[in-house]
Structures are given as structure tokens and as C-alpha cells.
Visitor: 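For reference, the structure I am asking about is given below.
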Amino acid sequence: MNVLVIGCGRLGSQLANMLHRYGHDVAVVDKDEDNFRLLSEDFDGLTVSGMPMDMDVLRSAGVESCDAVAVVTPDDNLNITISQIVKHFFGMENVVARISDPAREEVFHQFGLRTVCPTNLGGSAMFTALTQPWEEKQVSFNTCTVSFHLHLADSSIIGRPLSDIPTEPGESITGVLHADDSASLYDGRQNIIIQKGDRIILSYVCD
């Protein structure tokens, strides 16, 4: 893919480096040329210094021929403005914007923009790290990230069917990891009885 990354801070540079490592053609725009130092030494993509809202700057970075655009500056207002420009003036459909304030994420969605919110992702990860004894696992599909974590079956649920297990809002029961490390996936129909030593596999979607 030919990908344009707008913003070369810690997130933007990490994304650009990752895309480059996986063989994508990458262009990066940032108003501060010094930020390009965050790119890896072997990064050989295009770097363009200038105001990212400037349409001539975007054209210089190849926005008219790219396949996808990631808008990841630290400024939510700037991100929504650039995303709108790229989407409506340049006809780019595959646009993903960083949004730091979860309360403003709905504004992006009203404009038909896809978003990734590091605040929500970080909050979910911190919650799990504080309250769960096992490391959380995450799987990403496009801009959707699904997190999986384990909950040790306590005495209150041992002997009960899996369908009776209470969950938090947004959580889904995915299956059971048994004491012998075998697993049973749950589709909502099986009569799986919780045994001592079982760990419930729970999942939730990080918006």
C-alpha cells in the first residue's frame, strides 16, 4: 500500500516505521522538520515539512495517489479538519484519525470518519493490568481492536453453566481455559459447566 501519515510525533513515527518494515510505501508530513529524526535510520520513505492543512503540502506528499491516510497529530481539532480535507477534497475513503478525547469521538463519527482513541485503549489496558492476574491479549481488525482476558472461576460460579456467568457491559464470553490448558470455545449454545481451576475467557471491543 501507499500510505500517507500526517504527524510525525511518537505515534506517527512509530506507525510510519512499522508500515515501512512491512514493505509499504510511506510518506510522512509534519510541520516540524526535527520530528523526522524520530523515524528509524533505515526509513527511506518521503518526508514533507509543512502545515498539514495546506493542500499544496498534501499534494507534495502524494495524497492524490495514496491508498490510505492516517492523521495522527496530537491536536484533535487539527485531525478532524485534515481528515475532512483528505476525505472530501481529495476523495480519499480510507482515512483513519487519532482522537485523544473520548468525549469528542462521536463528533468524528458524525462526519463519517474512522478513529482510533489511544485514551480508550490505554484505559482498558490499565484496567485489566490492575484487576486481572493474567496479561491481556489484543487482536486488531482494521481500526477495531478486540481484547481478551481471563477470569479465574471462583467458588460462586463453580458448578454453574457458562451461560449463567455475569459479565460487565460490553463484555462477551468467548470460552473456557481448563486447568489442563485445554480450551472450550463458547457459541452460546453449549452446556459448559464451570469446574474448579477453569478460567473464563472474556472479550470486549475497544472503540
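Here the structure is a predicted model, which is why all the values come from computation and not from measurement.
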Visitor: Mark yes or no for whether Asp198, through its side chain, and Val176, through its backbone, hold a donor-acceptor pair below 3.5 Å.
Guide: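 Not a single qualifying donor-acceptor pair exists.
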Visitor: Using atom types as modelled and distance alone, determine if a side-chain donor or acceptor of Asp67 lies under 3.5 Å from a backbone N or O of Asn2.
Guide: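 The answer is yes, because a donor-acceptor pair under 3.5 Å joins these two groups.
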Visitor: Would you check, one step at a time, whether the test side chain to side chain contact (heavy atoms under 4.5 Å, CB included) holds for Leu19 with Val5?
Guide: CA-CA 10 Å; Leu19 288 165; Val5 178; 4.0 Å; yes
Visitor: Can Ser172 and Ser203 be said to form a side-chain hydrogen bond (donor to acceptor under 3.5 Å, both in side chains), step by step?
Guide: CA-CA 5 Å; Ser172 298; Ser203 63; 4.7 Å; no
Visitor: Please check if the number of heavy atoms outside Gln14 that lie under 6.0 Å from its CD is greater than 12.
Guide: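 Atom CD in Gln14 is not crowded, with 12 or fewer foreign heavy atoms closer than 6.0 Å.
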Visitor: I'd like to check Leu39 versus His20 (side-chain heavy atoms, cut-off strictly below 4.5 Å). Are they in contact?
Guide: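 Side chain of Leu39 against side chain of His20, heavy atoms only: no contact under 4.5 Å found.
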Visitor: Just by modelled atom types, is the Met1 backbone N or O under 3.5 Å from a matching donor or acceptor in the His24 side chain?
Guide: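 Checking the backbone N and O of Met1 against the side chain of His24, a donor-acceptor pair under 3.5 Å is found.
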Visitor: Testing Ile200, Asp164, Asp154 one by one against Ile194 for a side chain to side chain contact (heavy atoms under 4.5 Å, CB included), which residue passes?
Guide: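 Single side chain to side chain contact (heavy atoms under 4.5 Å, CB included) partner of Ile194 among Ile200, Asp164, Asp154: Ile200.
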Visitor: Do other residues, nucleotides or ligands put more than 12 heavy atoms under 6.0 Å from the CZ atom of Arg10?
Guide: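 Count not over threshold, so no.
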Visitor: Does Met51 offer a backbone N or O that forms a donor-acceptor pair with the side chain of Asp54 under 3.5 Å?
Guide: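 Side chain of Asp54 to backbone of Met51: no pair is present.
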Visitor: Check this for me: Met55, atom CE, are more than 12 non-hydrogen atoms of other residues, nucleotides or ligands nearer than 6.0 Å?
Guide: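 More than 12 heavy atoms, drawn from other residues, nucleotides or ligands, come within 6.0 Å of this atom.
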Visitor: In sequence, state the C-alpha distance, the side-chain angles, and the governing distance for Val69 and Phe90, and then conclude on side chain to side chain contact (heavy atoms under 4.5 Å, CB included).
Guide: CA-CA 11 Å; Val69 177; Phe90 292 104; over 6 Å; no
